[in-house]
Amino acid sequence: MEKLIVEGGRPLSGEVRVSGAKNAALPLIAATLLAPGKHVLRNVPDLRDTRTFIRLMEELGVSSERRGDIVTLDSTNLVHAEASYDLVKTMRASVLVLGPLIARLGRAKVSLPGGCAIGERPIDFHIMGLEALGVSCRLENGYVDAKIDTPLQGNVIYFDIPSVTATENLLMAAVLAEGVTVLKNAAREPEIGNLIDMLNGMGADIKGKESDKLIIEGVKTLSPADCTIIPDRIEAGTYLIAIAATGGSGTVTHCVPSHLPALLEKLRAVGLNVSETEDTVTVSWPKKSKDSGSNQLQSVNIKTMPYPGYPTDLQAQFMTLMAVATGVSRINETIFENRFMHVAELKRMGADITVDGYSAVVTGKGLDGLSGAPVMATDLRASSSLVIAGLAASGRTEITRIYHLERGYENLVKKLTRLGARVWKERE
Ligand code: UD1
């Protein structure tokens with residue numbers, strides 16, 4: 001196993017290019033199951049999760065080829081309709097094959113994902129929605145065994161909570177259903193907009209993109225897609241926070257600033273200069289504060305919410321930023337019940353944080369407040385908060401279990417090195 005070594009205390013500066021979004025790539029790859037033929041997906045990040053998902057597709061009978069960031073998937077011959085526990089347990093997003101397999105083959109067997117590090121994460125909304133379209137779902141031996149005896153029928157489906165992957169699964173099932181399906185209180189994340197564009201490009205009829213009410217008029221067949229994955233807003237946000245937490249100044253390129261409304265407002269609120277173009281965001285410390293030697297960021301509160309609220313996938317990283325600000329920040333996690341596992345590790349680096357249920361109170365210790373330490377990565381985004389802490393801290397930080405990071409950050413070491421960080425991997 002490898003560990004990541006960070007020698008911190010150096011302000012990051014320069015430019016970093018964002019890769020395609022992991023959370024858009026996965027549903028778009030799944031959507032290629034809907035139409036036989038050769039699909040072309042562009043700007044596909046080369047990550048552990050995208051590789052795992054493509055492996056799952058290959059088990060179903062899809063052949064694939066990667067050239068640079070272009071992945072071609074041929075889903076003409078599907079031979080299986082089953083996603084095994086071995087794959088699903090490593091990546092719960094595997095559940096995204098459920099909707100398209102039912103729509104294309106009329107049956108699907110997908111392992112139940114079980115809990116994961118950040119919480120229980122059930123899939124009851126996915127099952128409830130599919131049943132509303134006429135699917136019979138049996139839960140047996142740890143699997144959802146889903147099948148239809150008559151064609152899928154459109155229906156009105158209301159989600160108690162907007163769920164990203166449930167919205168995606170239901171979209172992919174409903175596009176080939178008979179009649180009209182309405183998804184109410186649907187999730188509005190930009191990755192869903194990317195999926196809608198792909199499906200409409202294949203011949204689907206989905207209205208309401210970017211709203212919480214999606215209207216899907218079923219069609220009989222779809223044709224293969226040629227679609228580009230949107231930039232990864234979480235990766236973009238992670239680099240912006242990293243630059244800010246090290247007292248640096250830099251630009252994130254090839255991103256969509258309008259996909260980061262809450263983060264950019266919060267970065268402004270802490271006192272940073274934030275400027276945007278159509279596809280870049282530049283963050284820098286205000287000159288005044290540097291000249292006066294005060295060099296401090298103001299603490300602000302955040303509360304994670306479904307899009308366009310503050311994303312839970314950027315909560316851990318922002319907590320690190322608040323650990324090096326001044327003042328007291330309250331961080332409320334409303335999406336997942338166990339998403340503070342980075343706290344214990346950040347405290348080992350000198351952060352002052354107390355957790356009270358779904359809230360964490362962070363007392364900022366200023367830019368020089370953290371010191372390097374050996375820490376352990378626990379999940380994908382928690383890991384990136386530790387990398388940011390390592391970059392901001394004085395001395396050496398060693399992060400073990402970095403396979404979590406490799407699930408979601410393409411060329412992390414290379415990109416950080418280009419920003420001036422001292423960071424490398426070593427064998428444990
Ligand atoms: C997706 C993202 C993940 C992100 C999360 C929230 C992908 C591949 N993953 O995960 O990175 O952190 O959105 O933005 O896109 N829920 C239920 N029952 C269900 C489904 C969800 O109770 O059937 C609950 C969840 O426990 C959670 C909330 O709904 O409290 C939202 O979760 P959801 O949007 O479904 O997360 P994912 O789609 O799994």
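In this chain, residues are counted from 1 in sequence order. Note that ligands are numbered from 1 as they come in the structure, with each ligand's atoms numbered from 1 the same way.
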Close N or O approach (Asn23, ligand 1; < 3.5 Å):
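N/O-N/O distance under 3.5 Å: yes.
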Using a 3.5 Å cut-off on N or O atoms only, is Thr165 in polar contact with ligand 1?
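For ligand 1, there is an N or O atom that lies under 3.5 Å from one belonging to Thr165.
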With the threshold set at under 4.0 angstrom, would you say Gln315 reaches ligand 1 through any of its heavy atoms?
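It does not; every heavy atom stays at 4.0 Å or beyond.
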Assess Pro122 for proximity to ligand 1: is some non-hydrogen atom of it under 4.0 Å away?
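Checking ligand 1 against Pro122, which is what was asked, there is a heavy-atom contact under 4.0 Å.
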Test of understanding: given a 4.0 Å heavy-atom threshold, classify the contact between [X] and ligand 1 as side chain, backbone, both, or neither.
X	result
Tyr307	neither
Asp313	side chain
Ser163	both

With a cut-off of 4.0 Å, which atoms of ligand 1 are near a heavy atom of [X]?
X	value
Ile335	27 (C), 30 (O), 31 (C)
Arg339	12 (O)
Asp124	17 (C), 18 (N), 19 (C), 22 (O), 23 (O)
His126	23 (O)
Thr312	6 (C), 12 (O), 14 (O)

Electrostatic pair [X]-[Y], nearest N-O below 4.0 angstrom:
X	Y	result
Arg339	Asp313	yes
Asp379	Arg407	no
Arg268	Glu265	yes

Qualifying salt bridge (Lys or Arg N to Asp or Glu O under 4.0 Å) pairs with a residue from residues 163-192, counting only residues at least two apart or across chains
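Those involving residues 163-192 are Glu191-Arg233.
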Ile161, Thr167, Ile192: member with heavy atom nearest to atom 29 (O) of ligand 1:
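Minimum heavy-atom distance to atom 29 (O) of ligand 1 goes to Ile161.
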Nearest non-hydrogen atom to atom 1 (C) of ligand 1 belongs to which of Leu26, Ile127, Val164?
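Minimum heavy-atom distance to atom 1 (C) of ligand 1 goes to Val164.
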Side chains of [X] and [Y]: do they bring a donor and an acceptor to under 3.5 Å?
X	Y	answer
Tyr409	Arg381	yes
Thr334	Asn332	no
Glu15	Thr253	no

Not counting sequence neighbours, which residues clear ring-ring contact (aromatic ring centres under 6.0 Å, His included) with Tyr239? List them please.
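Partners of Tyr239 under the ring-ring contact (aromatic ring centres under 6.0 Å, His included) test: none.
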Identified side-chain contact (heavy atoms from CB on, under 4.5 Å) counterpart of Ser383 within the set Leu405, Leu412, Ile402:
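Single pass found, and it is Leu405.
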